Engineer: 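Below is the structure I would like to discuss, written out as structure tokens.
The model shown is predicted, which means the values in this text are computed figures rather than measured ones. Lettering follows sequence order; numbering is per chain, from 1.
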Amino acid sequence: MENYLSVLNPEQRQAVLHWGNPLLILAGAGSGKTRVITTKIAYLVQERGVDPRSILAVTFTNKAAREMAERAQVIDGRAADAMIRTFHSFGAWFLRRNGSLLGLDSNFVIYDDDDTVILLASLMPEKPRSEAAKAAHLIARAKDYFLSPEDPELDLIDHRPQFRKLYSQYEAKLRSIGNVDFGDLIKKPVEILRTFPEVKKRFQERFQVILVDEYQDSNVAQFELLKELFTPETYLCVVGDDDQSIYRFRGAEVRNILEFPERFAGTDIIRLERNYRSTAPILAVAGTVVDNNRGRLGKKLQAERGDGKPPTLVFLPDQETEASFCAELIQKSMQKQGGSYVDWAILYRTNAQSLTFETEFLRRHIPYKVVGSLKFYEREEVKDALALLSFMVNPRDEIAFKRVVNKPSRGLGEASVEKILQESARGTALQRGNLVAASQSVLPELSKKAQAGLKTFLSLLEQGTKLLNPEQPRPLANILSSNRLSAGDGLSVLIVYLIEASGLAEYHATEDEIAGTQRLSNLQELANAASLYPATAEGLAEFLEHIELDRSMESGEDSSDAVTLITVHNTKGLEFRKVIITGLEQGVFPRADKEDEDLEEERRLFYVGVTRAMDELYLTTCAMRRMYGRTNMNQPSRFLLEVPLESVKTLGTVPRTFVQRQPLGVASAARSASIAGNRDRVSCTSSDGRWQLGSALFHDDYGYGQVVGISEGPEGPLIEARFETGKQVRFLSKYQSERFMRIDRDGL
DNA sequence: CCCGTCGTTATTTTT
DNA sequence: TAACGACGGG
């Protein structure tokens with residue numbers, strides 16, 4: 001025991017050893033949070049004699065869940081029996097066992113956001129699809145907030161009565177199909193726990209210990225779930241960082257963590273404030289900026305690594321220059337100091353911003369990888385294959401049926417499909433909703449062409465089902481050995497069979513000469529992923545659930561040396577030696593129209609970005625940016641105004657407005673006051689009032705330039721100026737009128 | 001049923 | 001700007 005506890009610092013150890021009252025661990029970025037939580041699990045099992053089966057640890061990402069399970073098991077193998085899952089995977093597990101109490105079949109398929117939109121679109125056929133997408137978003141939010149169609153508070157999501165009605169219709173439709181959406185995976189378990197006290201008791205007794213990771217990202221429904229599982233005897237421990245709450249737009253409720261102590265009486269709070277990742281000046285930037293948020297529990301990160309290279313603030317004219325600046329910075333740094341491309345990450349607020357960097361990096365042959373834009377499971381061909389599989393699991397799945405029944409074209413028009421749907425709604429109670437049964441009974445009424453097509457489709461499914469039965473010999477070996485795709489073990493046989501026999505392989509291969517290859521390889525990849533599952537009905541259901549709940553698609557840890565291009569959101573939990581946060585402009589980051597709570601969230605996002613950096617941090621801002629085909633002149637991000645200038649270096653042309661606006665914020669006002677009596681430090685205005693950072697000047701030999709640094713020396717203010725020629729000089733302020741002429745020209 | 005053209009519309013996205 | 005969906009002609 002000593003050995004694994006001895007690697008912890010005092011606060012970490014305190015957090016691990018804590019027992020009894022509810023515990024809130026405020027874990028700052030890079031403070032060893034995962035180590036604490038995994039050690040705690042192992043400690044509970046090993047030292048407190050807690051039965052691992054009575055431990056429930058929930059996370060938000062599968063990656064985090066996997067990591068937690070692995071690391072806890074390394075310390076104590078018995079941790080393997082603890083239930084370590086994502087919130088949603090826990091909900092799915094719960095619903096498969098108890099969903100029947102709400103009339104839910106245990107073979108439900110989980111609809112993703114896309115399916116949800118399609119379903120809603122079918123409920124509002126006269127409205128454009130964008131309307132359905134909006135409604136889907138609102139319904140998802142409603143579920144995040146644990147609101148049902150009849151809840152009065154639903155008005156807070158959308159007050160229009162037609163929304164309430166639509167939500168209600170949507171729920172009815174989902175129920176009749178027998179599937180659930182993501183929100184249901186949390187909301188329905190809560191409903192079951194509330195309605196059935198004996199079930200609640202069972203689960204309360206089972207889970208003596210509940211741990212929650214990234215608690216700042218939890219939503220109201222998840223909080224309700226915790227409340228239902230919690231009893232005064234439960235040991236509840238949540239870990240999170242209120243400053244890193246960045247998913248409000250998805251229903252995450254910061255108040256869950258801010259108000260945790262009030263919600264759970266007697267809560268103890270432990271702060272992990274020692275940061276092992278970043279140097280002091282980087283943390284100074286992060287801390288000073290996030291300090292401008294009002295709603296926070298307060299935390300001060302301590303840099304265990306000590307001092308380091310000051311972060312650099314870079315003012316650039318436009319996004320192309322921004323891209324080439326980044327490229328050059330990386331290339332020069334590697335020439336000078338070595339290192340590799342993987343040390344570098346370029347962060348931006350929106351995915352669209354990656355394009356300029358990609359173009360520039362391609363041109364210069366700088367290897368890069370774009371994180372998060374691929375979306376494997378949203379590809380058309382992948383969704384098609386999954387629809388076939390889903391329909392086999394749940395023949396009531398109307399969305400899946402409509403997607404593939406006539407794809408590729410089998411001569412089944414809209415009218416024929418509509419007939420089948422009508423019939424399924426009518427059918428006998430036993431068969432109601434079953435589209436296979438409805439298809440069979442409607443078959444004689446269809447046109448010759450439609451009949452033939454439908455028969456083909458039905459026999460495809462029938463053959464597929466045979467493949468799931470181990471008793472049956474594997475049919476149609478000829479199709480499996482076709483040359484396009486290759487079947488491996490287990491379930492991949494079924495997938496390859498379905499894709500080939502349905503004609504989808506051919507369809508996607510020939511759809512587009514160039515894209516066809518890619519599409520086929522995506523389908524192959526899907527099949528490969530399935531080879532780990534047995535070719536049985538259970539294996540199929542398991543595979544589908546796994547895919548719905550874990551879309552990360554860890555494609556073999558790209559080991560190639562490349563710069564990472566990534567949105568700030570996607571960097572959470574990651575770290576890089578050198579980070580460039582780009583596009584720091586008003587209207588871009590923070591995005592326009594953000595105020596109050598939304599602005600605070602953008603600031604937290606900035607905080608997350610900054611705290612990813614271990615050694616070097618660069619913040620770039622452009623005076624001009626093309627967006628949506630428009631060229632905009634932007635002001636530097638207000639977050640840059642909040643950056644402590646004394647701990648950063650400045651490059652490029654500082655816009656006058658930037659300097660003038662500097663003292664506006666409360667925090668920065670306090671800062672300049674503290675700087676005033678402090679010699680040898682960079683400040684915004686020289687003590688004689690002659691120069692400001694960004695002031696324009698002219699010199700007979702050097703031409704036009706700008707003040708980039710001001711310091712106070714024994715002979716008065718010392719001014720540092722940079723000229724258009726690239727020349728940088730220092731001079732004493734008292735020489736102003738002689739050779740360095742102050743001129744009235746905008747810094748741009 | 002396929003293809004071209006026009007008009008619309010743009011965050012962030014663990015599950 | 002660019003990408004995608006809707007629509008209409010061949």
Side-chain angles (χ1 to χ4, degrees), chain A residues 58-67 85-92 110-114 116-117 121 128-134 136-137 140-141 143-144 180-187 213-219 221-222 240 244-252 319 347-356 359 371-373 375 377-378 380 406-411 413-414 507 510-512 545-553 566-574 583 587-594 598 601-602 604-606 608-609 625-632:
Chain A
V58 281
T59 64
F60 282 85
T61 67
N62 292 285
K63 198 172 152 217
R66 274 193 297 271
E67 190 186 350
R85 287 174 178 258
T86 64
F87 260 110
H88 289 87
S89 141
F90 173 74
I110 302 160
Y111 273 166
D112 67 10
D113 295 347
D114 241 29
T116 298
V117 173
R129 211 193 154 79
S130 60
E131 195 79 9
K134 262 184 219 144
H137 178 251
R141 284 303 73 73
K143 291 189 178 186
D144 288 341
V180 299
D181 60 23
F182 279 124
D184 288 337
L185 293 176
I186 311 298
K187 187 163 172 275
D213 190 20
E214 303 277 12
Y215 187 66
Q216 77 281 353
D217 288 335
S218 61
N219 62 34
Q222 286 157 341
Q244 291 189 65
S245 174
I246 54 173
Y247 284 106
R248 183 177 137 86
F249 68 96
R250 288 190 73 153
Q319 59 207 345
L347 278 51
Y348 35 79
R349 177 63 237 268
T350 64
N351 281 309
Q353 287 166 253
S354 76
L355 190 67
T356 324
T359 313
V371 174
S373 62
K375 292 175 189 155
Y377 291 108
E378 285 170 27
E380 183 190 346
N406 193 38
K407 188 172 185 179
S409 175
R410 299 186 179 90
E414 221 175 306
Y507 175 88
T510 52
E511 180 77 342
D512 182 329
E545 173 162 328
H546 177 260
I547 277 177
E548 285 306 331
L549 295 182
D550 184 3
R551 311 197 132 190
S552 55
M553 202 71 192
I566 190 170
T567 62
V568 190
H569 278 93
N570 266 324
T571 63
K572 199 155 78 145
L574 305 178
V588 179
F589 191 2
R591 281 188 63 80
D593 66 30
K594 297 285 182 184
D598 284 333
E601 175 134 325
E602 296 275 312
R604 291 193 289 266
L605 190 57
F606 179 77
V608 167
R625 181 176 295 272
R626 267 191 347 270
M627 271 184 116
Y628 309 143
R630 275 228 144 85
T631 300
N632 295 311

Engineer: Please answer whether B/dT12 and A/F249 are stacked, defined here as ring centres separated by less than 5.5 Å and planes angled under 30°.
Structural biologist: yes
Engineer: Counting any heavy atom closer than 4.0 Å, what does A/N62 reach on the DNA or RNA strands: base, sugar-phosphate only, or nothing?
Structural biologist: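 Counting heavy atoms under 4.0 Å across all strands, the contact made by A/N62 is with sugar-phosphate only.
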Engineer: Has the side chain of A/E601 got a donor or acceptor atom that lies under 3.5 Å from a matching backbone atom of A/R248?
Structural biologist: yes
Engineer: So, under a plain 3.5 Å distance rule, would you say the side chain of A/R250 forms a donor-acceptor pair with the base of B/dT15?
Structural biologist: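 Check passes, donor-acceptor contact within cut-off.
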Engineer: Roughly, in whole Å, what's the span from CZ in A/R625 to P in B/dA10?
Structural biologist: 20 Å
Engineer: Students often mix this up, so state it plainly: with edges at 30° and 60°, are the rings of A/Y247 and A/H569 parallel, tilted or perpendicular?
Structural biologist: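 Ring orientation, 0 to 90° scale: tilted.
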Engineer: Write down the atom of A/A221, the atom of A/K143, and the distance for their closest heavy-atom approach.
Structural biologist: CB-O, 3.5 Å
Engineer: In whole Å, I'd like the distance from the CD1 atom of A/I566 to the C1' atom of B/dT13.
Structural biologist: 13 Å
Engineer: Which whole-number value in Å describes the distance from A/H546 NE2 to B/dT15 P?
Structural biologist: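 Answer to the nearest Å: 10 Å.
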Engineer: Indicate, with a heavy-atom threshold strictly under 4.0 Å, whether A/R626 touches base, sugar-phosphate, or nothing.
Structural biologist: nothing
Engineer: Under 4.0 Å, heavy atoms only, any strand: does A/R349 hit a base, just the sugar-phosphate, or nothing?
Structural biologist: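 The residue A/R349 makes base contact.
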Engineer: Both A/H137 and A/N406 contact DNA chain B. Taking the nearest nucleotide for each, which residue is further toward the 5' end?
Structural biologist: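 Its nucleotide being nearer the 5' end, the pick is A/N406.
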Engineer: Rounded off to whole Å, could you give me the CZ-to-C1' distance for the A/R248 and B/dT13 pair?
Structural biologist: 16 Å
Engineer: Just checking A/Y247: base, sugar-phosphate only, or nothing, at a heavy-atom cut-off of under 4.0 Å?
Structural biologist: base
Engineer: Once you round to the nearest 0.5 Å, how far does CG of A/L605 lie from OG1 of A/T567?
Structural biologist: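 Spacing of CG (A/L605) from OG1 (A/T567) equals 8.0 Å.
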Engineer: How many whole angstroms separate atom CG of A/L574 from atom P of B/dT14?
Structural biologist: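 In whole Å, B/dT14 P and A/L574 CG are 12 Å from each other.
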Engineer: Is the phosphate of B/dT13, meaning OP1 or OP2, less than 4.0 Å from a side-chain N or O of A/T567?
Structural biologist: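 It does, given that an N or O in the side chain of A/T567 lies less than 4.0 Å from OP1 or OP2 of B/dT13.
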Engineer: Report the distance from atom CG of A/L185 to atom C1' of B/dT14, rounded to the nearest whole Å.
Structural biologist: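 These atoms are roughly 14 Å apart.
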Engineer: Considering only side-chain heavy atoms of A/N570, which listed nucleotide, B/dT12, B/dA10, B/dT13, is closest?
Structural biologist: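 When the side chain of A/N570 is considered, B/dT13 is the closest of B/dT12, B/dA10, B/dT13.
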Engineer: Between B/dT14 atom P and A/Q244 atom CD, what is the distance in whole Å?
Structural biologist: 16 Å
Engineer: I need the A/Q244 CD to A/K572 NZ distance, nearest 0.5 Å.
Structural biologist: 6.0 Å
Engineer: Which nucleotide in the list B/dT11, B/dT15, C/dA2 gets nearest to the side chain of A/H88?
Structural biologist: B/dT15
Engineer: Answer yes or no: does a side-chain N or O of A/N351 lie under 4.0 Å from OP1 or OP2 of B/dT13?
Structural biologist: yes
Engineer: Would you kindly give the CG-to-C1' distance between A/N219 and B/dT13, to the nearest whole Å?
Structural biologist: 14 Å
Engineer: Taking only side-chain nitrogens and oxygens of A/S89, does any of them come within less than 4.0 Å of OP1 or OP2 of B/dT15?
Structural biologist: no
